[in-house]
Amino acid sequence: RAAQFHEFVAQLVEWGMQDDVSYVPMMRTQLVAARTVAEILADLATDPAWAPAPASAGAPIPEIAGPREEELVDIARLLAARRGDPARIEGVSDPDDPDRELFVDGGLLPGPDATLAGPTFEQWLDSTS
């Protein structure tokens, strides 16, 4: 299980664009780079000592997330500022969405046994610029 990817933020900004405002979901997240996830999955796949336990054994599902919790709206604003995008970023939360509380209250954050790995979103932006 992986947290939301750094690479997904630009799509969210684009999808939420209406005129000169982008409406981005209010969400607590621990974004992770897709490359980081791929590297860790490759390590797991080639480690002879690692074997997934059957789901019935109650073993936790391996999780990976970024190094710190952040607000998606703040991350989208950082992306827009770095790109020189004139769009204003606004956070939205649909009270009729049955998953609203998961997004806002951190229900999608990683569990206590998750592997946390960088780079942060800001470091990732620096490396892709």
Side-chain angles (χ1 to χ4, degrees):
R1 179 175 164 208
Q4 296 76 24
F5 296 136
H6 294 321
E7 293 83 353
F8 192 48
V9 177
Q11 287 179 312
L12 287 173
V13 170
E14 183 180 317
W15 291 341
M17 190 64 70
Q18 294 179 18
D19 298 320
D20 64 343
V21 178
S22 178
Y23 298 95
V24 175
M26 292 172 40
M27 181 172 131
R28 292 170 53 200
T29 186
Q30 249 175 276
L31 297 168
V32 65
R35 179 182 184 104
T36 300
V37 173
E39 289 169 352
I40 290 175
L41 286 174
D43 289 345
L44 281 174
T46 58
D47 180 359
W50 186 82
S56 61
I61 295 170
E63 274 187 291
I64 181 166
R68 67 178 181 220
E69 179 183 336
E70 301 183 89
E71 295 289 336
L72 183 60
V73 172
D74 294 337
I75 292 297
R77 287 180 180 143
L78 176 62
L79 177 67
R82 287 285 185 93
R83 290 182 165 179
D85 191 332
R88 191 174 81 240
I89 307 291
E90 293 291 330
V92 293
S93 180
D94 180 356
D96 295 327
D97 183 347
D99 294 327
R100 178 186 176 278
E101 287 185 33
L102 285 175
F103 296 137
V104 176
D105 296 337
L108 298 179
L109 293 173
D113 296 325
T115 297
L116 304 182
T120 65
F121 185 77
E122 190 168 7
Q123 291 167 333
W124 177 80
L125 273 180
D126 289 342
S127 72
T128 60
S129 299

Hydrophobic clustering (ILVMFWY, side-chain heavy atoms < 4.5 Å, transitive) - are [Y] and [X] grouped together?
X	Y	value
I75	L108	yes
L125	V13	yes
F121	V32	no
L31	V37	no
L12	I89	yes

Contact check, side chains of [X] and [Y], non-hydrogen atoms, under 4.5 Å:
X	Y	value
P62	T115	no
E69	L109	yes
Y23	Q18	yes
P119	W124	yes

Lys/Arg-Asp/Glu bridge criterion (N-O < 4.0 Å) met for R82, E122:
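So R82 pairs with E122 through a salt bridge.
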Cationic N near anionic O, under 4.0 Å, D105 to R100
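So D105 does not pair with R100 through a salt bridge.
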Closest non-hydrogen atom pair between [X] and [Y], with its separation:
X	Y	value
R83	A10	NH2-CB, 3.4 Å
S93	V104	OG-CG2, 3.7 Å
T36	A117	CG2-CB, 3.5 Å
A76	V24	CB-CG2, 4.0 Å

Heavy atoms from other residues, nucleotides or ligands near CG of D43 exceed 12 (cutoff 6.0 Å):
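Yes, the 6.0 Å shell around CG holds more than 12 heavy atoms from other groups.
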So does E14 have more than 12 non-hydrogen atoms from other groups sitting under 6.0 Å from CD?
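No, CD of E14 has 12 or fewer neighbouring heavy atoms, counting only those of other groups under 6.0 Å.
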Taking atom [atom1] of [X] and atom [atom2] of [Y], what is their separation to the nearest 0.5 Å?
X	Y	atom1	atom2	result
R35	E7	CZ	CD	10.5 Å
R88	M17	CZ	CE	11.0 Å
M26	E71	CE	CD	7.5 Å
T128	Q123	OG1	CD	12.0 Å
T120	R68	OG1	CZ	4.5 Å
H6	L79	NE2	CG	11.5 Å

What verdict does the side chain to side chain contact (heavy atoms under 4.5 Å, CB included) test give for L102 and D99, after you've listed the backbone C-alpha separation in whole Å, the side-chain angles of each residue and the deciding distance to 0.1 Å?
CA-CA 5 Å; L102 285 175; D99 294 327; 3.8 Å; yes
With a 6.0 Å cut-off on the ring centroids, do W15 and F8 count as close?
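Yes.
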Return yes if some donor-acceptor pair links the side-chain N/O of E63 with the main-chain N/O of G111 below 3.5 Å, else return no.
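Side chain of E63 to backbone of G111: a pair is present.
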